[in-house]
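Read through the structure below, which is laid out as structure tokens, and then see the notes.
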Amino acid sequence: MSMDSIVSLCKRRGFLFQSSEIYGGLQGFWDYGPLGVELKRNVKEAWWSDMVTAHDDMSTLAGAPSPYAMEGLDCTIIMHPQVWKCSGHYDLFHDFMVDCRETKKRYRHDQLNGRWVEAKGNKIFVTAPASDEEQGHMTKRALKFFNLRNKHIDDLKWEGESTCLTEMTSFEEVLGPDAKTLGTLTEPREFNLMFKTYVGALSGEEGAAYLRPETAQGIFVNFKNVLDSTRHRLPLGIAQIGKSFRNEITPRNFTFRSREFEQMEIEFFCHPDQSKDWYMYWRDRRLKWYHEMGIDSGNLIMREHSPKELAHYSIGTADIEYAFPFMAEGEYGELEGVSHRGDFDLRSHMEGKLDEKSNPLTLQLGDDGKPKWKGSGKDLNYRDDLTNDKYTPHVIEPSAGADRATLAFLCEAYTVDQQPDDKGKMQERIVMKLHPRLAPIKAAILPLVKKDGMPELSKEIYLDLKKHFNVFYDEKGAVGRRYRRSDEAGTPYCITVDGQTLEDKTVTIRERDTTEQSRIKIDECEQVIRDRINNG
RNA sequence: GCGGGUGUAGCUCAAUGGUAGAGCUCCAGCCUUCCAAGCUGAUUGUGAGGGUUCGAUUCCCUUCACCCGCUCCA
């Protein structure tokens with residue numbers, strides 16, 4: 001199954017369109033069409049319901065150390081600029097890049113290493129991407145530059161140790177990692193991955209603000225507000241769904257990497273001693289959720305980050321990844337990251353930006369020896385009024401992409417099978433096998449033929465069911481064609497009014513995946529559909 | 001950002017320096033009593049901008065988007 005056919009169906013049936021398509025589109029931005037908006041709403045509502053409103057806060061759930069409370073939140077997209085300085089995004093998302101004028105390649109300024117080397121009376125600073133093999137690369141580059149053969153390797157006079165390019169003030173004697181001539185690297189230039197805007201009428205730097213690159217920070221800065229207004233004890237999870245923005249350098253792969261996207265995030269606050277157990281709980285709970293929503297376990301993996309990838313303060317991070325059709329065989333794309341964040345975020349918003357490379361965490365200092373970014377100074381610690389224990393909660397963060405999940409559900413649902421036509425000959429059928437909870441339209445109401453009062457009765461049933469579900473009425477063309485149309489939209493049930501309906505007030509209900517039909521009373525339709533959706 | 005490829009109807013794809021065509025879909029009508037049937041009819045298109053030319057969808061330039069590889073990936 002190819003991504004092209006999925007993209008084509010999305011366009012054809014109105015799941016996804018390119019943003020601003022009539023003007024040629026805009027890279028990294030996508031619109032949801034009539035079916036897409038329902039699908040994505042259902043994804044978000046399923047998540048919100050399962051994680052927040054329908055959460056059982058009285059019982060100890062399987063794998064959980066104790067019962068826990070869940071609350072929701074909806075924060076602004078533009079927040080105080082200091083939020084992003086203390087969160088680390090301001091520094092992190094301000095990568096400095098250098099371009100090579102000769103090869104047109106671009107490198108992260110801080111990820112190039114180099115070393116002085118002399119030969120034939122010339123001294124140059126030869127660079128290579130920082131890695132274990134960088135000395136090998138540098139040697140090759142130097143030999144080539146000085147036009148020396150391998151056997152003359154000893155003519156190279158190395159000076160000093162390998163150092164980062166950021167240590168260099170001038171690039172005149174620098175040989176770029178892929179360049180043939182010296183001094184082709186440009187000055188380091190800022191690459192802002194956060195969208196910048198201006199608050200207020202003046203567009204001076206005092207009014208500079210950023211569109212949030214993640215929803216999580218809104219939860220951290222409101223942690224105390226939520227605690228104070230709800231009287232919950234820890235452990236407590238706070239959930240938020242909302243748009244985030246990242247100025248990706250290379251948006252690619254349909255909606256997978258978009259510049260405007262929607263996140264579904266939980267910040268789960270707990271006692272430090274229990275944080276590992278809660279981390280394990282959330283990993284498993286979130287993986288299970290995707291299974292429950294119909295993603296085949298074979299296409300889904302949990303990838304634990306290696307200790308090398310982890311921030312020092314973190315016990316663990318696990319990505320839930322899906323085998324998207326656009327990925328290479330055996331490769332997966334991230335749907336959700338579940339990370340143990342320790343007390344990094346709350347402390348950073350209290351004390352000032354902490355140095356994530358430090359262990360134990362210490363305040364990050366600027367060149368002047370003062371805190372690099374000042375925190376709020378507000379007390380975000382938690383005091384357990386039963387034990388009088390006061391501590392900074394640790395945080396587990398299950399952070400999911402709503403658009404990525406929606407895309408994964410679309411990919412997973414896309415199925416081509418064989419079904420007989422009216423002459424019994426097998427024909428190819430495209431069917432979107434979406435979980436009934438996620439399906440944009442729950443049922444199609446179809447008169448078998450457009451006469452004998454069938455349309456009238458069908459419309460009555462349609463209007464009645466419409467009060468409860470998103471249903472669709474279709475009387476155009478042969479019924480087989482209408483079944484196929486609803487299959488392609490992922491509609492799980494078709495209610496058909498036929499000759500018998502007029503006699504005994506029964507209709508047929510057809511299952512999308514099997515095309516099997518059974519006969520039920522008109523009065524039972526609502527309950528039958530409801531039961532099947534919930535047990536789907 | 002670099003290299004390569006592709007942009008023609010809603011979809012899949014033809015063709016051409018001189019009025020752009022097919023299949024499917026969609027729409028209207030007829031016919032149809034359960035899985036894309038049939039008949040009749042209708043709508044719709046060269047990504048955008050510029051250049052060459054009597055004339056450009058075709059040739060050239062720029063740009064935008066998508067795909068593949070590299071790079072990046074919080």
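Here is the naming used below: chain letters follow the sequence lines, and residue numbers restart at 1 for every chain.
At a cut-off of 3.5 angstrom, the base of C34(B) holds at least one donor-acceptor pair with the side chain of Q517(A). Counting atom types as modelled, Y23(A) pairs no side-chain N or O with a base atom of C64(B) as donor and acceptor under 3.5 Å. For R13(A) and G10(B), a side-chain-to-base donor-acceptor distance below 3.5 Å is absent, hydrogens and geometry of angles not being considered.
A close approach under 4.0 Å does occur between a side-chain nitrogen or oxygen of K11(A) and OP1 or OP2 of C11(B).
Between D498(A) and R519(A) there is a salt bridge, since at least one side-chain N of the basic residue sits less than 4.0 Å from a carboxylate O of the acidic one. In this structure, R283(A) pairs ionically with E304(A), as a charged nitrogen and a carboxylate oxygen lie closer than 4.0 Å. Using a 4.0 Å cut-off between a side-chain N of Lys or Arg and a carboxylate O of Asp or Glu, K44(A) and E262(A) qualify as a salt bridge. Salt-bridge check for D487(A) with R512(A): failed, with every basic side-chain N at 4.0 Å or more from each acidic carboxylate O. Between R259(A) and E248(A) there is no salt bridge, since no side-chain N of the basic residue sits under 4.0 Å from a carboxylate O of the acidic one. The pair R12(A)-E488(A) meets the salt-bridge criterion, with a side-chain N (NZ, NE, NH1 or NH2) lying under 4.0 Å from an Asp/Glu carboxylate O.
For the pair I22(A) CD1 and A9(B) P, the computed distance is 16 Å after rounding to whole Å. Atom CZ in F256(A) sits roughly 13 Å away from atom P in C67(B) (whole-Å rounding). Note: CZ (R482(A)) to C1' (A37(B)) measures 13 Å, nearest angstrom. Note: CZ (R259(A)) to C1' (A65(B)) measures 12 Å, nearest angstrom. Rounded to whole Å, atom P of C66(B) lies 14 Å from atom CZ of R257(A). If you measure from atom CD of E428(A) to atom P of C11(B), you get 19 Å, rounded to the nearest angstrom. Rounded to a whole Å, the CZ atom of R252(A) is 11 Å from the C1' atom of G1(B). Distance CD (E488(A)) to C1' (C35(B)): 14 Å, rounded to an integer number of Å.
Pairing for C70(B) is with G1(B), a Watson-Crick or G-U wobble pair whose two hydrogen-bonding atom distances lie under 3.5 Å. When Watson-Crick and G-U wobble pairs are counted only if both distances are under 3.5 Å, U46(B) pairs with no nucleotide at all. Of the nucleotides present, A65(B) is the one that pairs with U6(B) by Watson-Crick or G-U wobble criteria, both distances under 3.5 Å. Partner assigned to U52(B) is none, using Watson-Crick or G-U wobble distances below 3.5 angstrom. Nucleotide C27(B) has G41(B) as its partner under the Watson-Crick or G-U criteria, with both atom distances under 3.5 Å.
Among the nucleotides U32(B), C67(B), C35(B), the one closest to the side chain of K451(A) is U32(B). Among the nucleotides A36(B), U33(B), C68(B), the one closest to the side chain of Q427(A) is A36(B). Distances were taken from every side-chain heavy atom of L448(A) (C-beta onward) to each of C66(B), C70(B), U33(B); the shortest belongs to U33(B). Here the side chain of M454(A) is nearest to one of C35(B), U33(B), G10(B), namely U33(B).
Across the C1' atoms, U19(B) and A15(B) are found 14 Å apart, a figure rounded to whole Å. Across the P atoms, C13(B) and G47(B) are found 15 Å apart, a figure rounded to whole Å. Remark: the separation of the C1' atoms in G3(B) and A9(B) is 33 Å, to the nearest Å. Of the C1' atoms belonging to U40(B) and U32(B), the separation is 15 Å, rounded to the nearest Å. Atom name C1', nucleotides A20(B) and A56(B): the rounded distance is 13 Å, in whole Å. Taking atom C1' on both nucleotides, C26(B) is separated from G10(B) by 7 Å, rounded to a whole Å. Between the P atoms of U25(B) and U63(B), the separation comes to 41 Å (whole Å). A28(B) and A37(B): their P atoms are spaced 16 Å apart (whole Å).
Within 4.0 Å (heavy atoms only), N247(A) reaches no atom of the nucleic acid at all. Residue S8(A) is classed as a sugar-phosphate contact, given heavy-atom separations below 4.0 Å to backbone atoms only. Counting any heavy atom pair closer than 4.0 Å across all strands shown, R429(A) reaches no nucleic acid atom. The residue Q27(A) sits close only to the backbone: its heavy atoms come under 4.0 Å of sugar-phosphate atoms, none of a base. Heavy atoms of D452(A) sit under 4.0 angstrom from at least one base atom.
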In 5'-to-3' order, the base (B), backbone-only (S) or no-contact (-) status of each nucleotide in nucleotides 22-29 of chain B, using a 4.0 angstrom heavy-atom cut-off, is ---SSSS-
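Remark on RNA chain B: of its neighbouring residues N253(A) and E248(A), the 5'-side contact belongs to N253(A), judged by nearest-heavy-atom nucleotide. Residue whose closest nucleotide on RNA chain B sits further toward the 5' end, between Q18(A) and V479(A): V479(A).
In this structure, R510(A) fails the cation-pi test against Y493(A), since its NZ or CZ atom is not both closer than 6.0 Å to the six-membered ring centre and inside 45 degrees of the ring normal.
In this structure, a donor-acceptor pair under 3.5 Å is absent between the side chains of T317(A) and H340(A). A donor and an acceptor atom, one from each side chain of D31(A) and Q18(A), are nowhere located under 3.5 Å apart.
Residues meeting the salt bridge (charged side-chain N to carboxylate O under 4.0 Å, His left out) test with E351(A), sequence neighbours left out: R347(A).
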